[in-house]
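Per chain, numbering begins at 1; letters A, B, ... match sequence-line order.
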2 protein chains.
Amino acid sequence: MEVQPPEGRLATGCGAREILDRIADKWSLYVISLLGERTLRFTELKRGIDGISQRMLTVTLRALERDGLVSRTVYPVMPPRVDYTLTDLGRTLLETVTTLVGWADRNLEAIEAARADYDTRAQALRALTEGLPD
Amino acid sequence: MEVQPPEGRLATGCGAREILDRIADKWSLYVISLLGERTLRFTELKRGIDGISQRMLTVTLRALERDGLVSRTVYPVMPPRVDYTLTDLGRTLLETVTTLVGWADRNLEAIEAARADYDTRAQALRALTEGLPD
DNA sequence: CAGTATCCGAACAGATACTG
DNA sequence: CAGTATCTGTTCGGATACTG
């Protein structure tokens with residue numbers, strides 16, 4: 001993978017925005033992270049992603065499959081068995097996604113502190129404005 | 001920043017999910033990317049992010065400010081002037097975000113090809129199923 | 001097990017009008 | 001310039017019921 005000289009600044013105007021919106025949502029990030037470790041079945045993914053509903057997992061997996069990031073293998077057995085794994089393209093995303101997820105994990109407290117601080121200030125400001133004439 | 005041994009697997013269950021959902025949306029990513037280059041004013045950001053509405057830019061900036069990723073400086077002049085810049089915390093996100101945005105940019109075509117392929121297969125499958133008895 | 005289908009409330013996001 | 005406020009259509013996403 002070489003450097004892309006003609007890129008330079010962000011292509012905010014082009015179709016990259018739509019792509020980003022697809023892959024950079026919380027469920028997709030977690031699916032990619034988990035599949036980065038190994039191939040998983042539907043239920044394993046569901047158990048691995050706390051709080052995801054069956055519907056959202058299905059929707060997310062279909063979108064990732066459509067985008068060519070995840071491949072889906074159906075075994076015609078009873079009970080059914082479906083394996084999900086990252087494609088080569090999907091694997092090129094893995095490092096970035098892992099970094100991002102790790103960042104969120106490490107900076108959880110800092111962000112929550114910032115929020116508490118912001119909320120306190122906002123409330124203090126509101127108290128000052130309270131009952132003031134227009 | 002040292003390695004975090006107790007992390008190990010993904011903390012999918014904890015509050016990191018909510019954090020990810022906040023920062024990993026298309027507008028936040030673009031705002032962070034742009035502010036990574038330099039401090040910008042509201043209108044400069046708006047012009048730099050193609051397709052964002054005034055409302056969404058405001059909402060996004062407020063959220064990023066609340067999370068302690070972006071700082072907002074108001075100059076009490078007329079006409080008003082407000083500068084937005086990344087905080088130290090925000091700057092720790094920059095490299096990852098830049099990588100992600102760059103990835104989306106570079107792989108636009110591959111993804112669109114995958115989609116076209118998927119859609120073709122889906123349609124072919126539907127054609128086979130067409131009019132079949134239950 | 002691995003889904004699909006449907007319903008429905010909640011959150012999101014654009015358009016528009018107004019303001020210090 | 002840099003917003004806020006409001007209204008409204010759209011999408012998201014959970015709950016539930018059903019299936020090969």
Checklist entry - Is D:dC18 paired to anything, Watson-Crick or G-U wobble with both distances less than 3.5 Å, and if yes, which nucleotide? => result C:dG3

Checklist entry - Has A:Arg55 got a side-chain N or O lying under 4.0 Å from the OP1 or OP2 atom of C:dT6? => result no

Checklist entry - Taking for each residue the nucleotide of DNA chain C bearing the nearest heavy atom, is the 5' side occupied by A:Asp21 or by A:Gln54? => result A:Gln54

Item to check | Per B:Thr43 side chain, nearest of listed nucleotides C:dA13, C:dA2, D:dC1 | outcome: D:dC1

Next on the checklist: One pair to check against side chain to side chain donor-acceptor pair (under 3.5 Å): B:Ser28 and B:Asp25. What are the steps and the verdict?
Outcome noted: CA-CA 6 Å; B:Ser28 296; B:Asp25 79 296; 2.5 Å; yes

Item to check | Ion pair A:Asp117/A:Arg121, N-O distance below 4.0 Å | outcome: yes

Next on the checklist: Looking at A:Thr87 and A:Ser71, would you say the former's side chain and the latter's main chain have a donor-acceptor pair under 3.5 Å?
Outcome noted: no

Checklist entry - Nearest to the side chain of A:Phe42 - D:dG14, D:dG3, C:dA2? => result C:dA2

Next on the checklist: Strictly below 4.0 Å, N to O, side chains only: are A:Arg72 and A:Asp83 in salt-bridge contact?
Outcome noted: no

Checklist entry - Closest to the B:Ser53 side chain: D:dA2, D:dG20, C:dG14? => result C:dG14

Checklist entry - Of the nucleotides C:dG3, D:dT4, C:dC1, which has the atom closest to the B:Thr58 side chain? => result D:dT4

Item to check | Nucleotide nearest A:Arg41 when distance is taken to its side chain, options C:dT4, C:dA17, C:dC1 | outcome: C:dC1

Checklist entry - Within the structure shown, what part of the strands sits under 4.0 Å from B:Tyr84 by heavy-atom distance: base, sugar-phosphate, or nothing? => result sugar-phosphate

Checklist entry - So, is B:Arg72 near the phosphate of D:dG3, with a side-chain N or O under 4.0 Å from OP1 or OP2? => result yes

